[in-house]
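The structure appears right after this line, and notes come after that.
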Amino acid sequence: MQRIFSSLKQAFRKILFAFSLISLISLSALFIFTAGPSLAATPIQSQPTIEKGIDNANQASEGAVNRTEAYEKAVEAVDEPQGLEKVYEKNLEKYEETQPDTGIIQEAKQLIEKVTGQE
């Protein structure tokens, strides 16, 4: 009698384990394979139109002209002695003008100087 109960107990555990495993897999599949928002659900103003496509094509051709100009400037900079350093310094100055933050390293140096009294 005790063997029968133990075998039924094991069978019940296996069935319960299999059922819980299947339910977890099904639940995870619901979250993994969800569909994203579709284009049909977007407002009319943000949907692509032919005019927007033409404008994008014009901008792409302008970008090609800008790329050729940038390439020519880069070739000139490489040909000059010290040309790359000048270009780098110009770019660095432009970057520092647009990014007023001193950065974490500069702030750390200032803090160390302040703490040690070397101001």
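Heavy-atom basis, side chains included; hydrogens, waters and symmetry copies ignored. What you see is a predicted model; the values in this text were computed from it and never measured.
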List, by chain and then residue number, the residues other than [X] in its hydrophobic cluster (Ile/Leu/Val/Met/Phe/Trp/Tyr, side-chain heavy atoms under 4.5 Å); write none if there are no others.
X: F5; value: M1
X: L8; value: I4
X: Y88; value: L92

Say you draw a straight line from [atom1] of [X] to [atom2] of [Y]; how long is it, rounded to the nearest 0.5 Å?
X: I112; Y: Q110; atom1: CD1; atom2: CD; result: 11.0 Å
X: L16; Y: L21; atom1: CG; atom2: CG; result: 11.0 Å
X: S20; Y: L27; atom1: OG; atom2: CG; result: 12.0 Å
X: E89; Y: E93; atom1: CD; atom2: CD; result: 7.0 Å
X: F12; Y: F19; atom1: CZ; atom2: CZ; result: 11.0 Å

